[in-house]
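Quick note on labels: first sequence line is chain A, next is B, and so on, each numbered from 1.
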Amino acid sequence: MAGDGKDAFFIGYINAVPQPLGRFLAVIGLIVVVVMGGLGLVLSRRTADPGWAVTGYQHIEVRGILEARPYPVLRVPDGEGRKPRAYLLAGEGKYGVQSQADGLYGRWVTVAGYLLKRGTLDMLLVDDKEGIVVASASDVLHPAPPQSLGRWRLTGEICDGKCYSGAMSPGNGLAHKACANLCLVGGVPPVFVSTGAVSGSEYFLLTDDKDGVNARRFADFVGQLVSVEGEIERVDNFYIFKSDPETMRAAGP
Amino acid sequence: MSVTLKPVIWYRSKLVYDGVVLLAMFLYIIAYLRLAPNLQLVSRPIDDAILRMRAFGSCAFLLVSFILAIGPLSRLDRRFLPLLYNRRHFGVIACSVACAHVYYVYSWYLNLSPLNPLLALFSANTSYGQVLGFPFEIFGVLALVILLALAFTSHDFWLSFLTPRLWKSLHMLIYLAYGAIVAHIALGSFQGSGDPFFVMIVCASALGLVGVHLAARSVSRAPEGTAGDDNWVDAGLISTIADKRARIIDLGEGEKVAIFRYDGKLSALTNLCAHQNGPLGEGRIIDGCVTCPWHGFQYRPEDGCAPAPFTEKVATYRLRRDLDRLWLDRRANPPGTRVEPLPVNEGVADGG
Ligand code: HEM
Ligand code: FES
């Protein structure tokens with residue numbers, strides 16, 4: 001037999017491996033083990049940054065007026081040095097809170113849930129039980145009407161507001177599309193993340209220009225770069241993009 | 001070899017083999033999930049479930065790539081042959097890793113929604129008409145179904161139940177599964193995080209695999225027998241067959257014959273081992289028997305029968321000579337038919 005083991009003949013059920021062949025196999029085994037360990041380290045280390053979001057899962061209770069825009073939004077008046085704020089609401093799991101909010105629009109409520117923050121977006125993950133309860137009216141203030149910022153064509157990505165605001169990390173992109181679609185079907189508000197800011201914000205609650213809540217219309221475009229036209233409105237700290245689905249098209253990267 | 005089927009027979013070499021595969025897998029997963037997160041440059045940690053689905057998914061891909069490379073590698077360099085004989089355990093391990101991947105996708109991306117997760121898998125994304133945003137999960141489903149079917153039928157029981165021919169065809173589906181996995185990654189992960197290094201690893205694995213298969217093909221392609229009369233084909237010069245080795249003659253349509261030279265004699269058997277269709281012609285004569293390179297099943301060269309107490313039989317073929325030129329009858333004898341071996345030195349000088 002040649003010394004390099006090339007000529008060695010090994011049969012599986014015989015335990016003894018001829019020596020040079022044994023060395024060759026040991027080297028192959030070692031290479032496989034080292035390469036796998038190294039690849040695991042390098043591939044995981046190269047993970048893309050999901051971006052900053054506040055996800056301390058701090059439980060809070062906030063009192064304000066519930067509005068349908070058309071997704072449930074909580075308007076919290078100013079006071080004690082705070083500016084008025086608007087919170088987007090979503091439920092636990094891949095659900096919106098439409099059923100809890102039903103019948104309470106226009107009324108003062110206390111909402112209990114976990115706070116997520118990303119950029120100009122504030123979102124409350126409303127508790128399943130007693131998440132929204134009617135509260136006493138406050139005489140302080142009536143929420144300001146939405147302020148129109150005009151018509152825009154924006155380029156960006158349609159995400160589900162909950163995962164993008166921080167409930168998942170990362171919570172956007174095409175790998176996450178099926179998950180995002182499920183959130184939208186469940187009533188979680190869609191969020192448009194623009195590549196350029198409008199009056200300081202890159203994040204917009206995405207509705208269609210009929211003020212409809214038909215997220216299925218966006219399903220084919222979720223997670224990828226699109227461009228779309230629509231009216232932008234500002235409500236306290238947060239922005240609504242009333243887009244015209246007819247003008248939506250895929251945009252180059 | 002088997003007289004009856006045993007559940008799984010363990011040998012020390014099998015344990016070492018499985019041990020190395022498991023070690024490589026565990027190191028990959030631990031490096032991915034435990035070591036690397038401390039080195040990631042991220043503003044907030046990646047979800048555990050997402051990191052896990054990526055770790056197990058990419059690990060399964062790498063394992064399947066390696067499994068598919070073993071066959072052609074051992075054609076190119078016989079020292080890889082020992083890696084072949086326990087490939088089935090390797091396959092079952094890869095399938096389990098893929099299941100872990102799917103479990104985390106299921107419990108994180110598909111769960112907790114108004115739809116049942118299985119329904120969600122098929123209905124959440126229906127953008128079949130576009131490349132960007134295509135429901136790449138569907139390719140994962142195809143790959144998973146194949147991997148599960150192969151893992152399930154990997155035991156010898158299924159081999160004899162389905163017959164080696166059918167079993168082998170079924171297990172060729174692994175190539176379809178591999179194609180599906182590559183599509184799954186190209187339409188999913190590449191469009192999502194799109195890490196260029198991962199793209200490079202996946203492309204290099206897939207292209208490397210195609211490369212070794214092509215290289216192995218050109219090595220193993222036997223010269224096509226040139227037709228003499230209708231049934232006898234030219235099998236080349238006797239003198240160029242090495243002692244205790246075989247020449248493989250390709251009769252076309254997947255039929256190959258191994259002509260062995262041993263003890264100054266020549267005998268022809270089918271190239272397909274009765275166990276798992278291993279290439280007998282790449283084996284050797286050991287203790288007077290043709291010995292399959294894959295799992296060591298043995299056959300007497302003159303009648304294709306395994307020595308007692310074993311019962312396997314393979315087809316034999318008739319040979320005849322014209323001076324130093326060998327002729328092979330393409331009509332196979334029923335398995336186990338005795339054929340008188342052809343002496344090498346019959347008045348003619350043996351060129352070797
Ligand atoms: C029911 C079947 C499957 C489903 C639903 C599925 C789903 C997914 C999803 C959603 C992702 C994206 C994860 C992310 O980065 O956010 C993914 C990635 C991946 N999947 Fe699957 N998958 C399935 C089967 C498979 C199988 C059988 C394999 C391989 C053997 C596989 C290999 C991969 C790989 C390599 C990735 C990329 C991981 C990375 O980005 O590092 N998948 N799969
Ligand atoms: S294929 Fe297993 S011994 Fe021949």
Note, F136(B) side chain near K177(A) side chain (heavy atom, < 4.5 Å): no
Donor on one side chain, acceptor on other, S169(A) and D47(B), under 3.5 Å: no
Close side-chain approach of D49(A) to L41(B), heavy-atom, < 4.5 Å: no
Taking every non-hydrogen atom, the tightest pair across R44(B) and M168(A): NH1-O, 3.4 Å
Which atom of S127(B) lies closest to which atom of A219(A), heavy atoms considered: OG-O, 4.2 Å
Heavy-atom closest contact (C59(B) atom, M36(A) atom, distance): SG-CE, 3.9 Å
Y109(B) vs L182(A) side-chain heavy atoms within contact, under 4.5 Å: no
Side chain, backbone, both or neither of P114(B) within contact of chain A (heavy atoms, under 4.5 Å): both
Side chain, backbone, both or neither of I30(B) within contact of chain A (heavy atoms, under 4.5 Å): neither
Side chain to side chain, L25(A) and L83(B), heavy atoms closer than 4.5 Å: yes
Which portion of L121(B) sits near chain A, non-hydrogen atoms under 4.5 angstrom: neither
Side-chain donor/acceptor of R79(B) to backbone N/O of F24(A), under 3.5 Å: no
Atom pair CG/OG1 of D220(A) and T126(B) - distance to nearest 0.5 Å: 6.0 Å
Backbone N/O of S44(A) and side chain of Q40(B): donor-acceptor pair under 3.5 Å: yes
Heavy atoms of other groups near D287(B) CG, more than 12 under 6.0 Å: no
Atom OH of Y105(A): over 12 foreign heavy atoms under 6.0 Å: yes
Interatomic distance, F198(B) atom CZ to R46(A) atom CZ [nearest 0.5 angstrom]: 11.5 Å
Chain A interface, residue from V105(B), L187(B), I50(B) that has the most non-hydrogen pairs under 4.5 Å: I50(B)
Derivation and outcome, side chain to side chain contact (heavy atoms under 4.5 Å, CB included), residues Y32(B) and L41(A): CA-CA 5 Å; Y32(B) 207 112; L41(A) 196 68; over 6 Å; no
Heavy-atom pairs under 4.5 Å with chain B, option from V42(A), V32(A), L39(A) with the top count: L39(A)
Pairs of heavy atoms under 4.5 Å with chain B: top-ranked of I28(A), L43(A), V34(A): L43(A)
Contact class of F80(B) relative to chain A, heavy atoms under 4.5 angstrom: both
Side chain to side chain, P37(B) and R45(A), heavy atoms closer than 4.5 Å: no
Side chain K94(A), main chain N111(B), donor-acceptor under 3.5 Å: yes
Selection from C179(A), G38(A), G37(A) maximising heavy-atom pairs under 4.5 Å formed with chain B: C179(A)
Between Q130(B) and Q224(A): side-chain donor-acceptor atoms closer than 3.5 Å: yes
Test item: Y95(A) side-chain N/O and S113(B) main-chain N/O as donor-acceptor pair under 3.5 Å: yes
Nearest atoms (heavy-atom pairs only) where R54(B) meets P170(A): NH2-CG, 3.8 Å
Chain B contacts, top residue of G93(A), A53(A), G173(A) (heavy-atom pairs, under 4.5 Å): A53(A)
Smallest separation among heavy atoms of V42(B) and A48(A), with atom names: CG1-O, 4.0 Å
A167(A) portion near chain B, given a 4.5 angstrom heavy-atom threshold: backbone
Interchain contact, L132(B) with chain A, by part (heavy-atom threshold 4.5 Å): both
